[in-house]
There are 2 protein chains.
Amino acid sequence: MTSCGVSQQRKSPADFRRSADVFKALSNPNRLLIIEALSHGERCVADLTGLVGLDISTVSNHLSVLRGVGLVVDDRRGAQVFYTLRNPCVMNMFCCLEEFQAS
Amino acid sequence: MTSCGVSQQRKSPADFRRSADVFKALSNPNRLLIIEALSHGERCVADLTGLVGLDISTVSNHLSVLRGVGLVVDDRRGAQVFYTLRNPCVMNMFCCLEEFQAS
DNA sequence: TTCATTATTTGCCAATTGGCAAATAATGCA
DNA sequence: TGCATTATTTGCCAATTGGCAAATAATGAA
């Protein structure tokens with residue numbers, strides 16, 4: 001894991017707000033489970049509901065949260081809706097977290 | 001930002017729980033502001049209180065949250081308490097987030 | 001020991017979160 | 001159109017969060 005080449009500009013309150021919002025979306029274990037599943041390929045809601053083991057209304061709500069911060073995108077095909085990660089680079093954050101937690 | 005060399009083992013519910021806890025600690029803009037300040041070097045509580053602009057009891061509480069997940073460590077010197085990031089590699093997560101948000 | 005300074009803890013309150021279940025919406029077939 | 005399937009939204013409720021202010025703890029000097 002190397003340093004990233006991101007500029008060191010001063011962050012505005014809105015920047016922190018936006019970052020906090022994404023972290024908040026990630027602050028639920030069931031949502032993390034969903035994201036990890038999606039990192040391996042698209043899944044439909046019923047799939048994810050089976051995986052998470054909660055009521056489908058809850059899973060749908062979690063997916064709505066993830067959609068809200070742009071982590072996932074939905075694709076309706078007939079009665080079914082499939083979800084995918086909008087950008088897999090978010091998994092890099094998990095790698096960073098694992099390194100942090102291993103330290 | 002390159003991929004990290006972390007093993008692909010199956011995560012347990014407790015793993016997701018722990019990850020979610022760290023993300024939760026990061027899900028508040030004022031705590032992000034504190035972390036960013038600490039990434040540049042240690043700061044005392046009064047410093048951070050001035051920076052954040054909230055009541056000192058609130059700042060102390062935020063610092064307690066960060067301590068609880070191991071993001072920061074405290075060092076009491078007399079009446080003052082100084083805080084530092086336990087491991088600066090956590091800043092890599094912010095870099096990943098910025099890349100994600102720029103995508 | 002008293003008093004001042006600094007930081008943490010606690011209590012209060014409003015807002016938010018997360019789970020279930022019901023209600024509603026979207027899709028597709030007969 | 002009616003009905004079935006799938007998913008989303010809404011309502012309810014308990015738990016949690018975050019901010020302020022008061023109470024309490026920790027430190028140090030006189």
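Each chain gets a letter, A, B and so on, in the order the sequences are listed, and its residues count up from 1.
Between B/R18 and B/D21, no side-chain nitrogen of the basic residue sits less than 4.0 Å from a carboxylate oxygen of the acidic one, so the salt-bridge criterion is not met. Ion pairing between B/D75 and B/R77 holds under the 4.0 Å rule for side-chain N and carboxylate O.
The separation between A/F23 atom CZ and C/dT17 atom P is 17 Å, rounded to whole Å. Rounded to a whole Å, the CZ atom of B/R43 is 13 Å from the P atom of C/dA7.
Partner assigned to C/dT5 is D/dA26, using Watson-Crick or G-U wobble distances below 3.5 angstrom.
A/R67 places no side-chain N or O within 3.5 Å of a backbone atom of A/V69 that could act as its donor or acceptor partner.
For A/S60, whose side chain is taken as the heavy atoms from C-beta onward, the closest listed nucleotide among D/dA7, D/dT6, C/dT8 is D/dA7. In this structure, of C/dA7, D/dT27, D/dT5, it is C/dA7 that holds the atom nearest to the side chain of B/Q80.
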Test side chain to side chain donor-acceptor pair (under 3.5 Å) on B/S64 and B/N61 and set out the steps.
CA-CA 5 Å; B/S64 173; B/N61 230 314; 4.9 Å; no
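Side-chain N/O atoms of A/Y83 include one lying less than 4.0 angstrom from OP1 or OP2 on D/dT8.
B/F16 and A/V65 sit in two unconnected hydrophobic clusters of ILVMFWY residues. Membership requires side-chain heavy atoms under 4.5 Å apart, directly or through other members.
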Would you list the protein and nucleotides 18-22 of chain D atom pairs, both N or O, that sit under 3.5 Å from each other?
| residue | atom | partner | partner atom | Å |
| --- | --- | --- | --- | --- |
| D/dG18 | OP2 | B/R31 | NH1 | 3.2 |
| D/dG18 | OP2 | B/R31 | NH2 | 3.3 |
| D/dG19 | OP1 | B/N30 | ND2 | 3.0 |
| D/dG19 | OP2 | B/H62 | NE2 | 2.4 |
| D/dC20 | OP2 | B/D55 | N | 2.9 |
| D/dC20 | OP2 | B/T58 | OG1 | 3.2 |
| D/dA21 | N7 | B/D55 | OD2 | 3.3 |
| D/dA21 | N7 | B/S57 | OG | 3.1 |
| D/dA21 | N6 | B/S57 | OG | 2.8 |

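Ring centers of B/F94 and A/F23: under 6.0 Å apart, within the cut-off.
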